[in-house]
Participant: 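Below you'll find the structure I mean.
Numbered from 1 within each chain, the chains take letters A, B, ... in sequence-line order.
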Protein chains: 2
Amino acid sequence: MIKKTKPKKIREVSVDKILSAAQDEFILQGYKGATVQAIADSAGMPKANVLYYFKNKENIYHAVLEQTLNMWDEGIGDILLEDGPKLAIEKFVKAKVIMSFTNPKASKIYAMEIIQGAQHLQEFTRSYLHQWVQSKAEIFQCWIDKGQMQPIDPVSLIFLIWSSTQHYADFDNQILTIKNQTDYTENDITQVTDFLTNFILRGCGLK
Amino acid sequence: MIKKTKPKKIREVSVDKILSAAQDEFILQGYKGATVQAIADSAGMPKANVLYYFKNKENIYHAVLEQTLNMWDEGIGDILLEDGPKLAIEKFVKAKVIMSFTNPKASKIYAMEIIQGAQHLQEFTRSYLHQWVQSKAEIFQCWIDKGQMQPIDPVSLIFLIWSSTQHYADFDNQILTIKNQTDYTENDITQVTDFLTNFILRGCGLK
DNA sequence: CAAAAACTTGACCTTTTGGTATGTTTTTTC
DNA sequence: GAAAAAACATACCAAAAGGTCAAGTTTTTG
């Protein structure tokens, strides 16, 4: 038996509360605009207590960012050579749409970070993302070479899928306003998944 | 003859310098993170001078935002019934791509504002944008009814065009990193215009 | 060319905020 | 059940930042 069962209860709960509160504050106010006091209030504890768990604001932000990237990584779905272009794109688009609708906050944090120049990231975009896109582009290229799909630029295709799906998370305010709704419905998710899947497949000459 | 010829030289120049500097600061640091001092430094004048032209930081931001929205409005291109779906989409996509590549800053300011909940906007999104989308959706619907294009949801189509084009402005950092470039080239603009136009036309069943 | 208007600027004030210091209470461990 | 560790909380500090003031300089105007 390993001794470390799960003695961390109180810490875990507090950290989660802080991180959740911090995520909201960072989205609404930006990095500089989010105050430790506001995060503490939102988390329901005194400021000094927040600084007890995280040495400083920068650390809180990094923790939020790390959490966000993990979520992004998990939810990104995968593109597998053996699936063939049609199924692979269907799976990928669906995964991204679900991500956007169920976890818009992560998408927003990430978007703001990139827009502002990725000042707090570094290795992630520079190496990991580059590799991810390259490896997936190769798979698309493979399908194109075999005549399984139209000869289009795979990298541009990936960007289009990213942008068109993430849009529903990042710009949810705008979209809801335009559609005269207060919240997304289950129906919205399936409608958007449907639309994007069909549209993109057609764009790839797969329908 | 109207008396108001153009006696505003010095003011105009100063205001422009401030606005340009402010735009950069707001993008890089967010609303709260951008300091009046930093804007002043970047504009090459003392802080008090900036506050002479704009009563406070909020006013600077509003001016930047207004400038941004005007640019958005001008550059958005139009969708005309008489153009028919193919030409209209070609024109619209091209206008948006050019906007994104030539004026990424405006797109970024706008994106951040929306992501953060459009706290400084109000009427714009709520009425103007809603109307714009509705009126253009009607045109698409008209083409669909006449059998000139596939029966797809026009609103979703508009969102896809917006997102896929603006992506190149908002996420330019990420895209350049992934592509291992330091700047966009003329070639990138035409390549992206080409890709998106063809892809979207195919998605609409117009190719 | 003088008076007024527009512009420039350094000094200053006040509030906000990140972070610390210190002491108290609760929980865990042996 | 007592000592040690973890968690909680109040008061406080120093730096940063928004904004004002008042005095100076330049430009415009009649």
Participant: Between Ser14(A) and dA6(D), does any side-chain N or O lie under 4.0 Å from OP1 or OP2?
Facilitator: no
Participant: Identify which one of Lys108(B), Lys105(B), Lys17(B) satisfies the salt bridge (charged side-chain N to carboxylate O under 4.0 Å, His left out) criterion when paired with Asp24(B).
Facilitator: Lys105(B)
Participant: Quick one: sort the His167(B) and Phe159(A) rings into parallel, tilted or perpendicular, breaks at 30° and 60°.
Facilitator: tilted
Participant: How close or far is atom P of dT27(D) from atom CD of Glu12(B), stated in whole angstroms?
Facilitator: 17 Å
Participant: Tell me: CD1 of Ile60(A) to P of dG18(C), nearest whole Å?
Facilitator: 9 Å
Participant: How long is the line joining NZ of Lys47(A) and P of dT22(C), in whole Å?
Facilitator: 17 Å
Participant: Can you tell which of dC7(C), dG18(C), dA9(D) lies closest to the side chain of Tyr52(B)?
Facilitator: dC7(C)
Participant: From OH of Tyr53(B) over to C1' of dG19(D), roughly how many Å is that when rounded to an integer?
Facilitator: 18 Å
Participant: Side chain of Ser42(B), backbone of Ala38(B): donor and acceptor closer than 3.5 Å?
Facilitator: no
Participant: Does any N or O in the side chain of Lys57(B) come within less than 3.5 Å of the main-chain N or O of Ala34(B), such that one atom is a donor and the other an acceptor?
Facilitator: yes
Participant: Determine: side-chain N/O of Asn56(B) to OP1/OP2 of dG18(D), distance under 4.0 Å, yes or no.
Facilitator: no
Participant: What parts of residues 24-41 of chain A reach DNA chain D, counting only heavy atoms under 4.0 Å away?
Facilitator: Lys32(A)
Participant: Using whole Å, report how far CD of Glu58(A) lies from P of dT17(C).
Facilitator: 18 Å
Participant: Taking side-chain hydrogen bond (donor to acceptor under 3.5 Å, both in side chains) as the test, write out the residues that go with Tyr31(A), two or more places apart.
Facilitator: Glu58(A)
Participant: Can you tell me how far P of dC8(D) sits from CZ of Phe54(A), to the nearest Å?
Facilitator: 13 Å
Participant: Give a yes or no answer on whether the side chain of Trp143(B) reaches the backbone of Leu81(B) with a donor-acceptor pair at less than 3.5 Å.
Facilitator: yes
Participant: Starting at CE of Met45(A) and ending at P of dA7(D), how long is that distance when rounded to a whole Å?
Facilitator: 11 Å
Participant: Please report the distance, rounded to the nearest Å, between CG in Asn49(A) and C1' in dT20(C).
Facilitator: 15 Å
Participant: To the side chain of Leu51(B), which of dT20(C), dA7(D), dT20(D) is closest?
Facilitator: dT20(D)
Participant: As a test of reading the structure: which of dG19(C), dC7(C), dT10(D) is closest to the side chain of Ile10(B), going by heavy atoms?
Facilitator: dC7(C)
Participant: Would you indicate which nucleotide in dA9(D), dG19(D), dT20(D) comes nearest to any side-chain atom of Ala48(B)?
Facilitator: dT20(D)
Participant: Are Arg11(B) and dA6(C) close enough that a side-chain N or O sits under 4.0 Å from OP1 or OP2?
Facilitator: no
Participant: Quiz question: by atom type and distance under 3.5 Å, do the side chains of Glu74(A) and Asn70(A) form a donor-acceptor pair?
Facilitator: no
